[in-house]
Amino acid sequence: MKFIEELQTRILIGEGAMGTLLYSNGIDHCYEELNVTNPNKIESIHRAYLDAGADILQSNTYGANYIKLKRYGLEDEVSRINRKGVQIAKKAAQGKAFVFGTIGATRGLRKSDLHIDEIKRIFREQLYSLLLEDPDGIILETYYDLEEMETVLSIVKHETNVPIIANLSLHENGYLQNGMHVSEALTRLESLGAEVVGLNCRLGPHHMIRSLEEIPLPKKAFLSVYPNASLPDYVDGRFVYEANPDYFGSSAMKLWEQGARIIGGCCGTTPEHIKAVKKAVGNKAPVNKKVTKPRKIEINDISGVFTKQPLHKKVKNQTTILVELDPPKKLGIDAFMKGAKALKEAGADSITLADNSLASPRISNTALATLLKEKEEINPLVHITCRDRNLIGLQSHLMGLHTLGLNEVLVVTGDPSKIGDFPGSTSVYDLSSFDLISLIKQFNEGLSYSGLPLGQKTNFHVAAAFNPNVRYLHKAVERMEKKITCGADSFLTQPIYSVQQIEEVYEATKHLETPIFIGIMPLTSSRNAEFIHHEVPGITLPENVRKAMSAAGEDRMKAHQEGIAIAKELVEAAMEMFNGIYLITPFLRYDMTVELTSHIHTKNNLQKVGERNI
């Protein structure tokens, strides 16, 4: 192939940015649609890059797939837009440059946003459209997710013999978002048959150079690199890139020194940047040997400083009681601290603290957990939702918990913001509960989300949520099994209000070794029972329980007694099958969970006496 022959003997210059160049000119709608509505605009940009010295032009089809075009009502225009993109690039190239069909990634941060089978379908549609115009090659660019890249690369290799440039995007310097070092990832892409492997987008020249310093020259493939002009700034509501072309050109020299055979530009670059690259390395002979900079990873294991037996291990050998005590919605914690102390004295093994339950703001559970640990010597279990913090905030939060010595956590998705006190607020959900469990376990290996060393290994014990109040229990158990695969050490269930349901949970989960804490929340009144049954997501009350609470009427004492009686029956049934009991305190009515905690210990002691007398 002529393209491969060229790469063997010289450095090829790639094109610069298309989208950010259009954006800087005030165009803020679908860039790929311009292939049809304003082809002259796209051709003029290609020609500007050709005149600047680009040897490779890319079709303006980065986001021209079904999913992304659907946002603009253009999902039926996939073929036309892609074919037109190659046609325009070929016309601009005038036979003086290679033309590659561009296919961008579809997955974002969360894998769960788009199933791999859907990715295959939309990718094939775009690929076949591009191939109809006979491009010189295919460039896959801005792939953060290695699974997606490996999947689509395999499809291209199966469907065509044209050369492929496979460019990944880094989450952090030298690392993909799954924590894998880039050198390993590029080796995998080379083994799948990519003729060119490399990096594009996300980072500027400085960090691209540092990343390439740790990447050996491929055995068969060639290296490509398309850095951004710089890190972006945000000015007057728009992203801008400040790096000047001269700096970009001098950086291209260093990229060449690290073995790059193709050097182009990504976000923020212009024809002037490409002109500077051409001037700097256009006449350079390829680098065939390099010394790779060794990676230094220093991680201290300080797990020995945590001396208390983890809850998930304790519960395997004896009855263990967790009691949830919600942080107050208002300032002032006297009642909360009094309740926590009473629960400790009653024999609770841990106080668990929800993370803004029902999407309503409360006093920080981390702050209260720290006070419980320091003032009352209580072992707290801190809930963490995926709702309120983005990936940056979650990692910062985990580092903070570790620093405070709070290593028992419960991972939950979190109720959506629209059901809480501020329905207009944003639910983040950068990570799913599965993703967050995996992230915490990665922290236990001393590595951040992007694979960078944290300096220490954390020692988190991760509980996960299990909701048995569903129509198909086996589906909920399958989710449990997936969470176990991700690293869950134990499970806390939603409140259960039926002995039969406890038995069903036991039968459905008895094959699992991971311990389960059965959730029991005493009812305080008929109104409380009806609210939970009708309005709280994921909880259903049996008819007999609702009737029993209704019979208590407005008598507060009778309602209390009935609620306790129902809870005791459930506790006793749970204790027959499970060591873990998870009591949920309603409305800071800790007198109820104190009574239940004492009852559990009484039943447990009576059982031990009976066993000794046998």
Side-chain angles (χ1 to χ4, degrees), residues 321-330 332-344 346-348 350-363 365 368 372 380-381 383 410 412 415 419-421 465 467-469 492-498 501-502 517-542 544-571 574 581-600:
I321 307 168
L322 311 180
V323 184
E324 182 171 319
L325 196 62
D326 254 355
K329 284 188 174 183
K330 297 180 180 180
I333 62 170
D334 290 347
F336 175 88
M337 295 300 289
K338 183 178 179 182
K341 184 176 181 179
L343 286 164
K344 178 192 175 185
S350 176
I351 303 297
T352 80
L353 301 102
D355 190 10
N356 298 326
S357 57
L358 295 178
S360 298
R362 297 173 180 269
I363 294 175
N365 63 355
L368 292 180
L372 292 180
L381 187 153
H383 299 203
L410 169 68
V412 294
D415 303 304
I419 76 168
D421 294 345
N467 181 16
N469 300 306
L492 278 61
T493 79
Q494 287 273 31
I496 296 176
Y497 288 96
S498 160
Q501 190 178 13
I502 294 173
F517 290 83
I518 297 297
I520 297 168
M521 181 169 68
L523 299 166
T524 60
S525 66
S526 178
R527 180 182 298 178
N528 171 231
E530 293 303 308
F531 171 77
I532 290 172
H533 178 75
H534 291 289
E535 298 194 39
V536 176
I539 304 179
T540 302
L541 272 61
N544 66 310
V545 169
R546 293 166 61 201
K547 286 182 177 179
M549 293 305 299
S550 179
E554 297 297 321
D555 190 317
R556 182 180 173 90
M557 181 58 69
K558 285 185 179 179
H560 173 94
Q561 291 172 346
E562 191 61 51
I564 287 292
I566 292 170
K568 284 183 177 179
E569 181 185 7
L570 295 168
V571 162
I581 305 297
Y582 166 39
L583 301 176
I584 303 160
T585 306
F587 311 116
L588 207 59
R589 291 279 299 277
Y590 59 83
D591 58 314
M592 301 185 82
T593 43
V594 164
E595 184 174 349
L596 291 172
T597 300
S598 298
H599 179 71
I600 294 170

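All values derive from a computational prediction rather than experimental measurement.
- Of all heavy-atom pairs between Thr493 and Gly519, the closest is OG1-N, 2.7 Å.
- Tested against Tyr582, the residues Leu381, Thr352, Ile496 include a single side chain to side chain contact (heavy atoms under 4.5 Å, CB included) partner, Thr352.
- Here the shortest heavy-atom pairing between Tyr497 and Met521 reads OH-O, 2.8 Å.
- Within the model, atoms OG of Ser498 and CG of Asn544 stand 7.5 Å from one another, a figure rounded to the nearest 0.5 Å.
- For Ile532 against Leu523, the heavy-atom pair with the smallest separation is CD1-CD2, 3.7 Å.
- Distance alone, capped at 3.5 Å, places no donor-acceptor pair between the Asn469 side chain and the Thr540 backbone.
- In this structure, the side chains of Met549 and Leu541 stay at 4.5 Å or more apart for every pair of heavy atoms.
- Summarising the geometry of Pro586 relative to Pro522, their closest heavy-atom pair is CG-O, 3.4 Å, with the distance given to 0.1 Å.
- Here the side chains of Leu368 and Pro328 are in contact, with some heavy-atom distance below 4.5 Å.
- With rounding to the nearest 0.5 Å, the separation of OG1 in Thr593 from CG in Leu322 is 12.5 Å.
- Glu554 CD to Ser525 OG: the interatomic distance, rounded to the nearest 0.5 Å, is 7.5 Å.
- You'll find the side chain of Leu343 stays beyond 4.5 Å of the side chain of Leu583, heavy atoms only.
- With rounding to the nearest 0.5 Å, the separation of CD1 in Ile584 from CG in Leu325 is 12.0 Å.
- Residues Ile564 and Met592 meet the side-chain proximity criterion, which asks for heavy atoms closer than 4.5 Å.
- Across every non-hydrogen atom of Ile351 and Ala340, the tightest pair is CD1-O, 4.4 Å.
- The closest donor-acceptor contact from the side chain of Thr597 to the backbone of Gly347 lies at 3.5 Å or more, if one exists at all.
- Interatomic distance, Asp355 CG to Asn365 CG, rounded to the nearest 0.5 Å: 4.5 Å.
- Contacts of Ala354 classified as side-chain contact (heavy atoms from CB on, under 4.5 Å), with partners at least two apart in sequence or in another chain: Glu324, Asp326, Ser357, His383.
- A donor-acceptor pair is defined here as one N or O able to donate and one able to accept, closer than 3.5 Å; such a pair exists between the side chain of Asn356 and the backbone of Arg362.
- Ala465 and Leu410 get closest at one heavy-atom pair: N-CD1, 3.9 Å.
- Checking side-chain atoms of Ser598 against main-chain N and O of Val594 turns up a donor-acceptor pair under 3.5 Å.
- Considering CZ of Phe336 and CD1 of Ile363, their distance stands at 8.5 Å, rounded to 0.5 Å.
- The stretch residues 555-569 participates, sequence neighbours left out, in these salt bridge (charged side-chain N to carboxylate O under 4.0 Å, His left out) pairs: Lys568-Glu595.
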